[in-house]
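Below: one structure, written as structure tokens.
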Amino acid sequence: AQKVTQAQTEISVVEKEDVTLDCVYETRDTTYYLFWYKQPPSGELVFLIRRNSFDEQNEISGRYSWNFQKSTSSFNFTITASQVVDSAVYFCALSEAQGTGNQFYFGTGTSLTVIP
Amino acid sequence: DSGVTQTPKHLITATGQRVTLRCSPRSGDLSVYWYQQSLDQGLQFLIQYYNGEERAKGNILERFSAQQFPDLHSELNLSSLELGDSALYFCASNPSGASTDTQYFGPGTRLTVL
């Protein structure tokens, strides 16, 4: 079973529309971390946000916001007033402790295209 | 620029061969992570090192091995290569190896196995 599910494979929106990228995770750990990364067409992976399992406070950073709900095991990402530069593949990830290190699980990614 | 460097940028080789991918972490970072991104498997965590010691293992094949050297650079060795090993291999680093520290990713090495 997938530890991190991003059900939306591809999304297209018109510039200035809002868009929400869904992420559902599965873990038995009480302490874990959730992440979102952006992979633009150039290919590098860019860190966007990290959340620990004890902090359910929603976060807003400019046009980006994140909604973490433990009750539904979801960590959704909303881009407000989308721009062409937001076009990228977005990955949600889960980190669990493994021994003295961390195991990471990534979703399959959501490819976002913002049409001008 | 994340400060993480990976060489080579591209690598083309044949099935059955062995290759070594190199990663230099950001200055001051003690932990290195390796990931594989392929069309079939998506982005997969392979292995984590901290200050020369293996800390966590993901879906790393037995044909693959890694190590972190005293100067903290890391190498990922891929042997008996198969067509399915064609992928983008990322290295990331962070200071402590903890999930509370942001991982910074290198630009990746694109491996093509013919």
Side-chain angles (χ1 to χ4, degrees), chain A residues 1-10 21 23 25 27 29-55 59 61 66 68 75 88-111, chain B residues 1-6 9-10 23 26 29-60 66 68 74 87-111:
Chain A
Q2 280 279 19
K3 296 279 266 183
V4 178
T5 301
Q6 293 180 257
Q8 304 149 307
T9 307
E10 295 180 3
L21 310 183
C23 174
Y25 63 93
T27 181
D29 289 4
T30 53
T31 301
Y32 53 89
Y33 293 83
L34 297 164
F35 304 79
W36 276 96
Y37 285 88
K38 174 181 179 180
Q39 188 174 38
S42 52
E44 75 273 22
L45 279 161
V46 178
F47 166 81
L48 295 177
I49 191 171
R50 172 184 57 249
R51 257 293 174 264
N52 74 55
S53 51
F54 298 107
D55 183 2
E59 181 159 336
S61 175
W66 290 269
F68 175 27
F75 185 42
V89 181
Y90 291 85
F91 292 95
C92 180
L94 164 71
S95 171
E96 295 175 331
Q98 183 195 87
T100 54
N102 323 105
Q103 172 73 277
F104 283 85
Y105 304 93
F106 281 81
T108 49
T110 296
S111 178
Chain B
D1 185 353
S2 67
V4 179
T5 59
Q6 290 187 248
K9 202 167 183 177
H10 301 277
C23 168
R26 292 187 323 153
D29 285 358
L30 297 179
S31 192
V32 167
Y33 303 76
W34 284 99
Y35 296 87
Q36 178 196 58
Q37 186 176 28
S38 65
L39 288 174
D40 292 345
Q41 306 283 342
L43 194 53
Q44 292 208 88
F45 165 68
L46 296 178
I47 198 162
Q48 177 198 6
Y49 279 85
Y50 175 80
N51 206 19
E53 292 186 6
E54 183 184 307
R55 279 289 176 93
K57 224 168 185 175
N59 294 327
I60 187 165
Q68 187 180 26
S74 178
L88 191 51
Y89 290 85
F90 287 106
C91 164
S93 75
N94 71 7
S96 70
S99 288
T100 47
D101 280 343
T102 300
Q103 286 185 45
Y104 292 90
F105 281 78
T109 293
R110 184 166 293 281
L111 173 67

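Residue numbers begin at 1 in each chain, while the letters A, B, ... track the order of the sequences. In this text, all values refer to a predicted model and were calculated from it rather than measured experimentally. Reckoned from all heavy atoms, side chains included, excluding hydrogens, waters and symmetry mates.
For A/Tyr32, no part lies under 4.5 angstrom from a heavy atom of chain B. Contacts between B/Phe90 and chain A at a heavy-atom distance below 4.5 Å involve the side chain alone, from C-beta outward. Heavy atoms closer than 4.5 Å to chain B are found in both the backbone and the side chain of A/Thr100. Contact of B/Ala92 with chain A is not made at all, since no heavy-atom distance falls under 4.5 Å. Only the side chain of B/Tyr35 comes within less than 4.5 Å of a heavy atom of chain A; its backbone N, CA, C and O stay farther away.
Within the 4.5 Å cutoff, no side-chain heavy atoms of A/Glu44 are placed close to those of B/Phe105.
The greatest number of non-hydrogen atom pairs below 4.5 Å with chain B, out of A/Tyr37, A/Phe91, A/Phe35, is found for A/Tyr37. Interface summary for chain A: among B/Lys57, B/Gln103, B/Arg55, the most heavy-atom pairs under 4.5 angstrom belong to B/Arg55. When each of A/Tyr33, A/Phe104, A/Tyr105 is scored by its heavy-atom pairs under 4.5 Å with chain B, the top score falls to A/Phe104. Heavy-atom pairs under 4.5 Å with chain A peak, among B/Leu88, B/Asn59, B/Thr100, at B/Thr100.
In this model, a donor atom of one side chain and an acceptor atom of the other lie less than 3.5 Å apart for A/Gln39 and B/Gln37. Side-chain contact of A/Arg50 with B/Ser99: a donor-acceptor pair under 3.5 Å is absent, judged by distance alone.
Atom CD of B/Glu53 is surrounded by 12 or fewer heavy atoms from other residues, nucleotides or ligands within 6.0 Å.
Nearest approach of B/Tyr33 to A/Asn102, heavy atoms of both residues: OH-OD1, 3.6 Å.
With rounding to the nearest 0.5 Å, the separation of CZ in A/Phe47 from CG in B/Asp101 is 10.0 Å.
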